[in-house]
Number of protein chains: 2
Amino acid sequence: MVHNVDHTDTGTQSVDRALLLLQRIGACGDDGGTLAGLVADTGLNKATVRRLLLALIRAGMVEQDDDSRYYLGMQLQVLGAQASRRPNLMRAAQESVMRLGQVTGDAALLTVRRGANTLCVMREEGSYPLRSHALVAGQTHPLGVGAGSLAMLASLPDDEIASVLAAITPVLADRYPRLPPDELMRLIERTRTDGIALNPGLVIDGSWGLGIALHYPDGRLAGALSVAAVEARMRPDRLPDLTRHLRAEAAQIETRLARTAPLKG
Amino acid sequence: MVHNVDHTDTGTQSVDRALLLLQRIGACGDDGGTLAGLVADTGLNKATVRRLLLALIRAGMVEQDDDSRYYLGMQLQVLGAQASRRPNLMRAAQESVMRLGQVTGDAALLTVRRGANTLCVMREEGSYPLRSHALVAGQTHPLGVGAGSLAMLASLPDDEIASVLAAITPVLADRYPRLPPDELMRLIERTRTDGIALNPGLVIDGSWGLGIALHYPDGRLAGALSVAAVEARMRPDRLPDLTRHLRAEAAQIETRLARTAPLKG
DNA sequence: TGGCTTGGTTCATATCATGAAACTTTGTAA
DNA sequence: TTACAAAGTTTCATGATATGAACCAAGCCA
């Protein structure tokens, strides 16, 4: 008895669930996940989770240790390495993200849109000892939550923003109390005026971010480049400098993307 | 109307198929795969393949370019990076595989068992210009086909060898004409006597290999380390030297594995 | 001992994946 | 320009297949 989900994804419920599990296990960190934990995370039935995990284990995507904890498997390392050989956003951005992290000393992030959500795909630690760990590679947030995410949302046409907002409003109310939809709209306006997105600690207290959207040559959204740091490192006097660096690296990434065939949505 | 498949994998047909597709796309190389090609590869229905691909695309595991070719997606890079953070066979072996490739000048390979098959998970190119490309990371062969694969098979108990042989016999007959089951049995005997596996160009003409099995501290099979080269680089006078290097690196890997919690099958 | 938590399995049920066929698009040859 | 072919994509009736409530087993603690 499973009604849920919109009808854009039909005919592959179990595949969707299995892939969701993979992300959840990844989000569990280095200690892996337990069956009960994954059941709680996903809201799926225990038997279902177990059955899907067995399928993932069979394919090498997941491994299980003696203590019956589940981890991401070696097949993912192999596939990940294969995926890395292709020119894509991550390759185009790699160098820039690293440089941005090293030059600014803060955490440089690359994020992409995934439906009404944002996925952080790359993170370069800055050298500054006080780190903002608000965003780690593999984490997802609703579109608009966080600097890079906000930059992406603001760059969308108004009608799409409206439908995204409709989709994420319940999640915002539930998990991001300081980001109600109307506040988000104000941030979008400001982002469009400034040409850059600033998140003044609205997701996690004291964790600020500055982000800019990246586009393919044909104008389609590719992702966002951003910098995250503690509040003290994002004072007004430092913003122009950070903005300049972000803009420069973003331009470079877009130049590299221009040499690459863009991808379908 | 799908009868097939043994009953070890039950209740997740679509997940199995989706994950199979991922591997196939990976095997397509840098130019990605076409729908028709993947249909031919997997023997699945066109609509089924398409539906599974859409699910994979939704999850970011696959991307599709304007020319409607399918590629491995960025989510795999993220998950692969996450998987790499954990201590496992690939981490334990990384350094040794690289050194083996550099010292011998040939291609060093790390392979693991996946049911009745072998998956190559790592490959370090040697410096020798004439390269054997018989095995690339991500490729699978039946267990016993290739030096590392043979080393793993020979290290299994007799009853398990029998059941593996039963499983792969049709594939051998179909794709590896020079490796009938009885020839494979002889190779297994020889491997057990020598304590190392030699593949004298039986899979691909002129492509030789030397392999040794790796075990977890509790005795369970972990994988195999091997070296592949053209026939001229595997003459009898060079074998003792290669064997020594292989044995040394294998011992080092097993030492590192001993510091790691072993994993369930 | 008995209750509690967590991992894992079973099996009747109806939901969901299936694939043949239709449709669309693209390329190309006449 | 039309005709044809080949590849990508979508539809929909059907029953094979994934589902999850209920169950078992093992470990833990008081």
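As a basis for the values below, the full set of heavy atoms in this structure was taken, side chains included, without hydrogen atoms, waters or symmetry mates. Computed from a predicted model, the values in this text were never measured in an experiment.
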Spacing of B:N45 atom CG relative to D:dT14 atom C1', expressed in whole Å: 14 Å
B:R50 vs C:dT18: side-chain N/O to OP1/OP2 distance below 4.0 Å: no
From CG of A:L53 over to P of C:dT6, roughly how many Å is that when rounded to an integer? 17 Å
Round to the nearest Å and state the distance from A:L54 atom CG to C:dT9 atom P. 7 Å
Please state whether the phosphate of C:dA17, meaning OP1 or OP2, lies under 4.0 angstrom from any side-chain nitrogen or oxygen of B:Q13. no
Measuring from B:R85:CZ to B:N88:CG, what's the distance to the nearest 0.5 Å? 12.5 Å
Ranking D:dG8, D:dG20, D:dT10 by distance to the side chain of B:L35, first place goes to D:dG8
What is the nucleic acid contact for A:A36, judged by heavy atoms within less than 4.0 Å: base, sugar-phosphate only, or nothing? sugar-phosphate
Check step by step if salt bridge (Lys or Arg N to Asp or Glu O under 4.0 Å) holds for B:R58 and A:D16. CA-CA 8 Å; B:R58 229 178 290 132; A:D16 291 330; 2.7 Å; yes
Does B:E63 reach the main-chain N or O of B:Y71 with its side chain, forming a donor-acceptor pair under 3.5 Å? no
When you measure from the side chain of B:A47, which nucleotide among C:dT9, C:dA17, D:dT10 comes out closest? D:dT10
Provide, to the nearest angstrom, the distance between the CG atom belonging to B:L44 and the P atom belonging to D:dT9. 17 Å
Which nucleotide sits closest to the side chain of A:Q64: D:dT9, C:dT9, C:dG8? C:dG8
Which whole-number value in Å describes the distance from B:R69 CZ to D:dT9 P? 12 Å
Atom CG of A:L21 and atom P of D:dT19 are separated, to the nearest Å, by 11 Å
Would you indicate which nucleotide in C:dT9, C:dT18, C:dG7 comes nearest to any side-chain atom of A:T34? C:dG7
The reported gap from CG in B:N117 to CE in B:M152 (rounded to nearest 0.5 angstrom) is 10.0 Å
From the options C:dT18, C:dT10, C:dG8, select the nucleotide whose nearest atom is closest to the side chain of A:S68. C:dG8
Spacing between B:L52 atom CG and D:dT17 atom P, to the nearest angstrom: 14 Å
Does the C:dT6 base have a donor-acceptor partner in the side chain of A:K46 within less than 3.5 Å? no
Please confirm whether the backbone N or O of A:P142 pairs with a side-chain atom of A:S149, one donor and one acceptor, at under 3.5 Å? yes
When the distance from CG of A:D41 to P of C:dT6 is rounded to whole Å, what number comes out? 14 Å
Does D:dT19 have OP1 or OP2 under 4.0 Å away from a side-chain N or O of A:R51? yes
Could you work out which one of D:dG20, D:dA18, D:dT9 sits closest to the side chain of A:S14? D:dA18
Below the 4.0 Å mark, does C:dG19 have OP1 or OP2 next to a side-chain nitrogen or oxygen of B:T48? yes
At what distance, to the nearest 0.5 angstrom, does CZ of B:R123 lie from CD of B:Q139? 9.0 Å
Establish, with yes or no, whether the OP1 or OP2 oxygen of C:dT6 is under 4.0 angstrom from a side-chain nitrogen or oxygen of A:Y70. no
